[in-house]
Amino acid sequence: MKSSSATQQKDSNMKHRVATKLPKVWCARMVLAFFLSALIAPVLAVEAAAQEPRPVTVVAARQGAVTDRIAVVGTLVAREEIRVNPLVREKEIRQILVEAGEFVEKGHPLAILDDTDAGMLLERNVVQGRRAEAAIAQERSRVEAALITEREAGMLLERSRSLQARGVVSQQVLDEHENSHARALSQLELARQSLALAEADRGLIERERIEIQLTLERSTVRAPASGLVLARNARVGAMTSSSGDPMFVIAEDGDIEMEARVSETGFVRLREGMPAEIHVAGRAQPLAGRVRLSAAQLDPETRMGTVRIDLADGEGLVAGAFGRGTINALQRRNILLPGTAVESRRGVHSVYVVDDDIVSLRTVTVGLQQGNLREVLDGLTEGELVVLKAGGFLKAEERIEPVVAGYLGFSGPELSTFRSSVAEITGATLR
């Protein structure tokens with residue numbers, strides 16, 4: 001009986017222990033199942049999402065204007081700069097008649113030099129000229145007297161010859177008359193030479209007078225051409241010299257243009273007549289211009305070239321002011337894409353092209369950079385859809401949901417038409 005009672009007690013204790021452990025096991029299993037579901041759910045969600053096409057922003061390739069712009073910087077200068085130097089040396093500057101900034105006409109007096117010496121020389125020359133006139137008059141009188149003497153001697157000689165043939169006049173008398181006629185001829189020739197010498201003296205005095213008058217005229221420095229006075233270096237009391245700075249600097253006709261420095265790579269592409277846009281201080285809008293002249297060679301030290309740009313509206317411009325702008329070296333039409341759509345690796349350029357919602361990587365040939373756009377020379381046709389932001393998140397042959405972005409350059413009715421065309425052709429949504 002005692003053995004049976006002990007057995008029953010043992011079974012009762014075992015059942016109690018089993019009943020106590022079961023709830024704990026089930027709790028552990030439930031906790032484990034909860035954590036497993038929390039870990040597996042994101043993986044399943046990712047796999048489900050990966051099976052669905054993800055939306056990707058694309059743009060449509062389209063033609064656009066491509067301009068090769070060469071940047072230039074420089075200074076405004078006179079198109080033709082006239083340096084006014086005195087033609088009379090070592091003369092004191094007595095008076096300045098114009099200042100920098102004034103517009104002068106051709107021949108306008110700019111400055112007056114000391115002309116005291118030239119005035120004295122002119123007075124002396126006038127006296128010498130009067131003496132020369134008196135000498136000429138005297139020599140002419142001598143020539144007239146010599147002519148009369150020669151005429152009388154000739155008539156006497158002819159008479160003596162006719163009488164000597166009839167024996168009325170002796171040979172001695174005839175010889176005396178011939179000698180008298182010869183002396184008359186000699187005196188006449190001498191008088192004529194004296195007259196020529198007096199006239200030559202008068203001519204020399206007249207030429208000296210012209211030179212003195214020219215010196216007097218040059219004592220007034222005049223503008224050689226119409227233009228704007230850019231600089232006035234002359235000072236009252238200073239002596240004129242052939243060296244040093246010019247007395248005045250004039251911009252002929254007031255024309256101002258830009259002298260720009262261009263790098264070697266840009267300079268070799270420039271040609272005369274190319275359009276330009278120049279920004280200068282004081283003008284809200286850029287000035288239109290054209291390349292007028294380019295240097296024949298580059299500076300061997302700086303590898304820079306000089307170019308002159310003629311400005312359409314140069315009125316009011318100040319020489320010496322800073323200018324900057326661009327020269328349009330080339331204009332053409334080609335396909336343009338946002339720069340983010342072109343992927344470049346080791347010199348190879350490629351884009352992601354979308355066809356029937358399938359992405360494919362295509363190699364293209366690129367050209368110029370147009371702001372934030374890139375020119376595509378080859379490898380792409382107009383109207384094809386290209387992923388806006390090329391990157392490693394896409395892979396070839398991946399299916400996507402293309403969302404066409406508004407393309408730079410479209411607005412208003414043009415944008416509406418473009419949206420309709422894209423929706424009709426591709427079935428994609430344009431936002």
Side-chain angles (χ1 to χ4, degrees), residues 80-150 186-254:
E80 292 294 337
E81 189 176 273
I82 303 174
R83 302 167 68 87
V84 182
N85 291 294
L87 300 177
V88 182
R89 307 291 184 250
E90 301 301 326
K91 295 296 180 182
E92 181 184 358
I93 301 175
R94 288 291 185 86
Q95 189 176 1
I96 304 297
L97 303 177
V98 297
E99 295 294 338
E102 296 184 24
F103 192 92
V104 295
E105 298 292 339
K106 181 179 181 180
H108 189 280
L110 306 177
I112 296 177
L113 310 179
D114 181 19
D115 59 354
T116 304
D117 294 340
M120 294 175 61
L121 290 174
L122 181 60
E123 292 177 359
R124 184 183 303 174
N125 181 267
V126 171
V127 174
Q128 292 175 347
R130 292 175 181 174
R131 289 178 179 176
E133 292 293 341
I136 290 173
Q138 185 178 2
E139 295 301 329
R140 284 176 178 171
S141 298
R142 288 179 180 178
V143 170
E144 291 176 359
L147 282 172
I148 294 173
T149 301
E150 186 274 332
S186 178
Q187 290 176 356
L188 177 59
E189 182 64 24
L190 181 61
R192 285 173 175 172
Q193 291 179 0
S194 298
L195 176 60
L197 182 60
E199 290 176 344
D201 289 340
R202 183 183 64 180
L204 180 60
I205 293 171
E206 289 177 349
R207 284 192 293 274
E208 289 178 351
R209 183 181 304 164
I210 293 174
E211 292 179 0
I212 295 171
Q213 290 174 343
L214 182 60
T215 301
L216 285 172
E217 175 63 24
R218 289 176 175 176
S219 295
T220 301
V221 181
R222 299 181 181 276
S226 300
L228 179 68
V229 179
L230 299 178
R232 189 265 283 184
N233 301 315
R235 297 293 181 268
V236 175
M239 302 298 291
T240 59
S241 173
S242 58
S243 60
D245 296 330
M247 294 181 65
F248 300 91
V249 179
I250 298 177
E252 186 175 5
D253 296 328

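Residues: numbered from 1 along the sequence shown. The model shown is predicted, which means the values in this text are computed figures rather than measured ones.
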Any [X] side-chain heavy atom under 4.5 Å of [Y] side chain:
X: Leu113; Y: Val221; value: yes
X: Arg207; Y: Leu204; value: yes
X: Lys106; Y: Glu252; value: no
X: Ile210; Y: Glu206; value: no
X: Pro246; Y: Asn85; value: yes
X: Ile136; Y: Arg202; value: yes
X: Val143; Y: Leu188; value: yes
X: Leu122; Y: Arg209; value: yes

What's the separation between atom [atom1] in [X] and atom [atom2] in [Y], rounded to the nearest 0.5 Å?
X: Thr215; Y: Leu121; atom1: OG1; atom2: CG; answer: 8.0 Å
X: Phe248; Y: Ile96; atom1: CZ; atom2: CD1; answer: 4.5 Å
X: Leu228; Y: Glu102; atom1: CG; atom2: CD; answer: 9.5 Å
X: Ile93; Y: Arg235; atom1: CD1; atom2: CZ; answer: 9.0 Å

Sequence-distant partners of [X], side-chain hydrogen bond (donor to acceptor under 3.5 Å, both in side chains), two or more places apart:
X: Glu217; result: Arg222
X: Ser241; result: Ser243
X: Arg94; result: Asp114
X: Glu150; result: His181

For Asp115, enumerate each residue passing the side-chain contact (heavy atoms from CB on, under 4.5 Å) test, keeping only those at least two apart in sequence or located in another chain.
-> Leu216, Ser219
Not counting sequence neighbours, which residues clear side-chain contact (heavy atoms from CB on, under 4.5 Å) with Asp253? List them please.
->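 Once residues adjacent in sequence are excluded, the partners of Asp253 under the side-chain contact (heavy atoms from CB on, under 4.5 Å) criterion are Ser226, Asp255.
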In terms of heavy-atom contacts, does CZ of Arg124 have more than 12 from other residues, nucleotides or ligands at under 6.0 Å?
->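 No, the 6.0 Å shell around CZ holds no more than 12 heavy atoms from other groups.
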Do NZ/NE/NH1/NH2 and the carboxylate oxygens of Glu139 and Arg142 come within less than 4.0 Å?
-> yes
